[in-house]
Novice: 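This is the structure I have questions about; it appears just below.
Counting convention: from 1, in listed order, for ligands and their atoms alike.
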Amino acid sequence: MTNHWVDIKNADVILVMGGNAAEAHPCGFKWVTEAKAHRGAKLVVVDPRFTRTASVADYYVPTRTGADIVFLGGIINYLLTNDKIQHEYVRNYTDMPFIVREDFAFNDGLFSGYDEATGKYTDKSSWNYEMGDDGYAKIDPTLEHPRCVYQMMKKHYSRYTPEMVEKACGVPPEKFHKVAELLASTAVPGKAATILYALGWTQHSTGAETLRTGAMVQLLLGNMGIAGGGMNALRGHSNIQGLTDLGLLTNMLPGYLTLPGEAEQDWNAYVAKRSLQPLRPNQLSYYSNSKKFLVSFMKSWWGDAATEENNYAFDYLPKLDKPYDMMQAFELMNQGKMTGYICQGFNILASAPDKQKITDSLSKLKFLVIMDPLQTETSEFWKPHGDFHKVDPTKIQTEVFSLPTSCFAEERGSLVSSSRVLQWHWQGAEPPGQAKSDLDIMSGIFLRMKKAYQTEGGKFPDPIVNLTWNYATPHSPTPEEIAMEFNGKALKELTDPKDPTKVVLKKNEQLAGFAQLRDDGSTACGCWIFAGSWTAQGNQMGRRDNSDPTGIGNTLNWAWAWPANRRVLYNRASADTKGKPWDPTRKLVGWNGTNWGGADVPDFKADEPPENGMGPFIMLAEGVARFFSRDAMAEGPFPEHYEPFESPIGHNPMHPNNPRAFNNPAARMFPNDRKKLGKKEEYPHVATSYRLTEHFHYWTKHARLNAIIQPEQFVEIGEELGKEIGVVHGDKVRVSSKRGYIVAKAVVTKRIKALMIDGKKTHQVGLPINFGFKGLTKPGYLINTLTPTVGDANSQTPEFKSFLVKVEKA
Ligand SMILES: Nc1nc2c(c(=O)[nH]1)N[C@H]1C(S)=C(S)[C@@H](COP(=O)(O)OP(=O)(O)OC[C@H]3O[C@@H](n4cnc5c(=O)[nH]c(N)nc54)[C@H](O)[C@@H]3O)O[C@H]1N2
Ligand SMILES: Nc1nc2c(c(=O)[nH]1)N[C@H]1C(S)=C(S)[C@@H](COP(=O)(O)OP(=O)(O)OC[C@H]3O[C@@H](n4cnc5c(=O)[nH]c(N)nc54)[C@H](O)[C@@H]3O)O[C@H]1N2
Ligand SMILES: [Mo]
């Protein structure tokens, strides 16, 4: 979240689109209720299904899954055409005045740089601004230049008309206009809208661009960086925010630093590429400090073995030939190129797309390690479970090792919430039987690996044998030791660069924050954005003072938020160019003549006078927010609609005559998976998948009470579809896709209505994900038997929310 849970209470308009917060985030959803009750906020829900969130909405709009860029692009068009934008904000705080290169082009769904032969973008050089001789990007403050971002954006989104929204989404113009007007009411300073989203936006081949389109709407309205505003990703597992923060994605390092690619063998070039220099005069471009973050991270991992002479052990970092996301891993496994797989807290047979592919792939391994408190579908992938899971164990040689782990409530440590708040928790119970914590198991594996490398050698033992491991009990590090390591410390006495007589930190003293990081190897820090979470004053994550002097809900002494305990990102943008809050009743920060301050930690240089013209988006080289994302995204600088890989239309309604622009040209798709895509003629119904509030994925079905309240798999279909196929409530239906079929009970409901898509009546089908063949619920099929292996172009998130099926009476 750019903002945080409690801050939702400050919103005047709340758009829940691409998520179902009342059921998937019931605790956080109370802040929506607060905003409605105490501010009279309006809640708008746009979802293919009438959910429990929709049931308390002021306005609900059913839409087709996989077409939200058309809807949001329509909103952008509406705001620009009707001039419902916050002028002073967009002029000063966004890239609207920037001039785009002359060779940048967009033609019938494809951007310049597209290579006809490969069907890919091979040259992104034109996706950039025009640069001046002074080394800065050119701008036109009058916004009249035909190639300034404002004019380019107006042109790009002029095609996103209410008629197109109706055609692609099945949303009639009057409903669309109602949503547009409600959002537009917040274009004035002093009004705020927030957007809450989750998987209904991310789990598409165009997921990341959908979020960007939402962010563009928020920027036009001046809703970024203000109380009650923002782009708020409601995250999943209790610590999934912590997972990304710590860089546990295969191409990442802690703190959103990125691993080098294969071509990046040169340390200085690698650092330079990540140390973005300002694109406009007087801008901060905070990533120009990247070397401090990187060197301190490598000192944390490799200690004395990381020296200036060996580029702080840069050679130890893997150089990626490609991202090794889950789909890539299973593709390689499927090709027989992988020997072993460690599945830690991951029930992949249940949770990944195309169960058959996962089964075939796991069957080709030599060994599979399961670290889980439970016996899962994955740990038993080799065992037949009737019609639900057909395998022949005599043909599977994979050896499965089950290492029972404890569960979060049986350990202490920190969890990072969607609000970016690191909150310490304490152990509630002892783990049962032989269960060990993940920390102990991983340490055991590491120490044995290290010993093997030390005694037997190997191709490149250095990164393993030189890894820092200074824990009091090496086979059982404490969560406190790990947390202190992430915060970081001084490796020698540090003095103030401006006044060498002044000692900033003593040797081995914990860092107070990332501003103290050095690029000369004198600081160590496991995750730069966590610096400040465990200081010389102790564990900041364990703080429990909920006082809130301004009433805005920031509670700066409750636990600790990254970065720098800041609760609302980009909060400099909550004040005008002179530093006066747009809305004094919801002041976050303001300029008092000598510094910035208020109810939040300023996201800005605290003593930077407003007249110097520094932009509020200090993490970007522009200093301002981007509508034009340059080459940051895989499929182009402006979000464009592409159809899901299985589409009920069969072409892109925005580019009916260009088959190349049917689907996202940059999406993750392997050739063998392409053969397993279905067509609308055979699979006429649009399916989406979602979770039930009564279960958490695939594990609460092992708990009796949860199994009692939601005992078995069902399929949600609309009344009209029920009639068409002769199915009444409680009948069994067979749902098939090109990948397989499931059989389950039908819930025939008014909650899903047929929509008119491209002039044709189209039925949508809802598939709850929480069931399977292990646990106390009625044994059944895994719904990922049906889903295709297609991934988003930037995040590689699977297209779980939009695919084609056929529903029949079983
Ligand atoms: N009780 C419970 N809570 C959970 C979980 C759980 O299993 N159980 N899981 C957690 C996890 S890991 C996650 S990631 C989050 C997920 O949180 P959510 O994303 O809120 O959960 P989903 O149920 O997947 O809901 C997605 C919603 O998006 C809608 N949708 C589908 N396609 C589209 C589309 O194209 N456009 C729009 N506008 N809407 C669409 C669906 O109909 C559905 O209502 O929930 C977390 N919370
Ligand atoms: N079709 C479809 N598929 C989906 C989704 C969808 O919306 N539609 N949603 C996707 C999403 S967002 C998610 S997050 C995934 C979820 O997919 P998974 O993460 O695979 O599902 P979980 O059941 O949450 O699995 C977590 C496992 O961790 C174990 N566990 C719990 N605590 C601990 C611990 O402390 N240590 C260890 N080692 N294990 C522990 C649990 O017992 C459980 O077996 O599913 C994805 N799959
Ligand atoms: Mo998730």
Novice: Provide the number and element of each atom of ligand 2 under 4.0 Å from a heavy atom of Cys407.
Specialist: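 With Cys407 as reference, the close atoms of ligand 2 come out as 32 (N), 35 (O).
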Novice: Under 4.0 Å from any heavy atom of Leu374, which atoms of ligand 2 are there?
Specialist: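 Under 4.0 Å from Leu374, ligand 2 has these atoms: 42 (O).
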Novice: Should the pair Tyr781 and Tyr741 be assigned to parallel (<30°), tilted (30 to 60°) or perpendicular (>60°) ring geometry?
Specialist: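 Tilted.
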Novice: Can you tell me how the ring of Phe367 sits relative to the ring of Phe401, calling it parallel under 30°, perpendicular over 60° and tilted otherwise?
Specialist: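 Correct class here is perpendicular.
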Novice: Which of the numbered atoms in ligand 2 are below 4.0 angstrom from a heavy atom of Ile783?
Specialist: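 Answer for ligand 2: 1 (N).
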Novice: Pull out every atom of ligand 2 sitting under 4.0 Å from any heavy atom of Phe346, numbered as shown with elements.
Specialist: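 Those qualifying, in numeric order: 20 (O), 27 (C).
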Novice: Does a side-chain N-to-carboxylate-O contact under 4.0 Å join Arg691 and Glu23?
Specialist: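 Judged by the 4.0 Å cut-off on N to carboxylate O distance, Arg691 and Glu23 do not form a salt bridge.
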Novice: With atoms numbered from 1 as shown, which atoms in ligand 2 lie under 4.0 angstrom from a non-hydrogen atom of Met371?
Specialist: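 Near Met371, meaning under 4.0 Å from one of its heavy atoms, ligand 2 has 37 (C), 38 (N), 39 (N).
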Novice: Before accepting this row, confirm whether a basic side-chain N of the pair Arg212/Glu635 lies closer than 4.0 Å to the acidic partner's carboxylate O.
Specialist: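 Glu635 and Arg212: not salt-bridged.
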Novice: For His385 and Lys774, test the side chains for any donor-to-acceptor distance below 3.5 angstrom and give the result as yes or no.
Specialist: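 Absent: no donor and acceptor within the cut-off.
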Novice: Any atoms of ligand 2 less than 4.0 Å from a non-hydrogen atom of Thr376? List them with their elements.
Specialist: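 Contacts of ligand 2 toward Thr376, numbered from 1: 44 (O).
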Novice: I'd like to know if Glu181 and Lys42 make a salt bridge, using a cut-off of under 4.0 Å between side-chain N and carboxylate O.
Specialist: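 Looking at Lys42 together with Glu181, the answer is no, because their closest N to O distance does not fall below 4.0 Å.
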Novice: Set out, in order, the CA-CA distance, both residues' side-chain angles and the distance that settles ring-ring contact (aromatic ring centres under 6.0 Å, His included) for Phe771 and His695, then state yes or no.
Specialist: CA-CA 9 Å; Phe771 301 93; His695 279 297; 5.6 Å; yes
Novice: Using distance alone, decide if ligand 2 has a nitrogen or oxygen within less than 3.5 Å of any nitrogen or oxygen in Ala352.
Specialist: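 No: no nitrogen or oxygen of Ala352 is under 3.5 Å from one in ligand 2.
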Novice: For a quick test of your reading: what N or O donor-acceptor pairs under 3.5 Å do the side chains of residues 346-353 make, sequence neighbours left out?
Specialist:
from	atom 1	to	atom 2	distance (Å)
Asn347	OD1	Thr378	N	3.2
Asn347	OD1	Thr378	OG1	2.6
Asn347	ND2	Glu377	OE1	3.0
Ser351	OG	Asn347	O	3.1

Novice: In ligand 2, which numbered atoms sit nearer than 4.0 Å to a non-hydrogen atom of Phe408?
Specialist: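 It comes down to these atoms of ligand 2: 35 (O).
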Novice: Mind checking whether Thr405 contacts ligand 2 via backbone (N, CA, C, O), side chain (CB onward), both or neither, at a 4.0 Å heavy-atom cut-off?
Specialist: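 Looking at Thr405 and ligand 2, just side chain atoms fall under 4.0 Å.
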Novice: Once you measure the plane-to-plane angle for Phe696 and Trp699, does it fall in the parallel (<30°), tilted (30-60°) or perpendicular (>60°) bin?
Specialist: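 Perpendicular: the ring planes of Phe696 and Trp699 meet at over 60°.
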Novice: Under 4.0 Å, heavy-atom basis, I'd like to know which part of Leu767 is in contact with ligand 2: side chain, backbone, both or neither.
Specialist: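 Leu767 to ligand 2: no contact under 4.0 Å from either part.
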Novice: For Lys676, look at atom NZ and say whether over 12 heavy atoms of other residues, nucleotides or ligands are found less than 6.0 Å away.
Specialist: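 Enclosed: over 12 neighbouring heavy atoms sit under 6.0 Å from NZ of Lys676.
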Novice: Is it the side chain (CB and beyond), the backbone, both or neither of Ser406 that lies under 4.0 Å from ligand 2, heavy atoms counted?
Specialist: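 Backbone only.
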Novice: Near ligand 1, which residues have a heavy atom under 4.0 Å away from one of its atoms?
Specialist: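 Protein residues near ligand 1 are Met17, Gly18, Gly19, Asn20, Glu23, Ala24, His25, Val46, Asp47, Pro48, Arg49, Thr51, Thr65, Gly66, Asp68, Ala198, Leu199, Gly200, His204, Gly236, His237, Thr688, Tyr690, Arg691, Leu692, Thr693, His695, Phe696, His697, Asn770, Lys801.
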Novice: Do Asp758 and His651 have side chains that get closer than 4.5 Å, going by heavy atoms?
Specialist: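 Touching, per the 4.5 Å side-chain cut-off.
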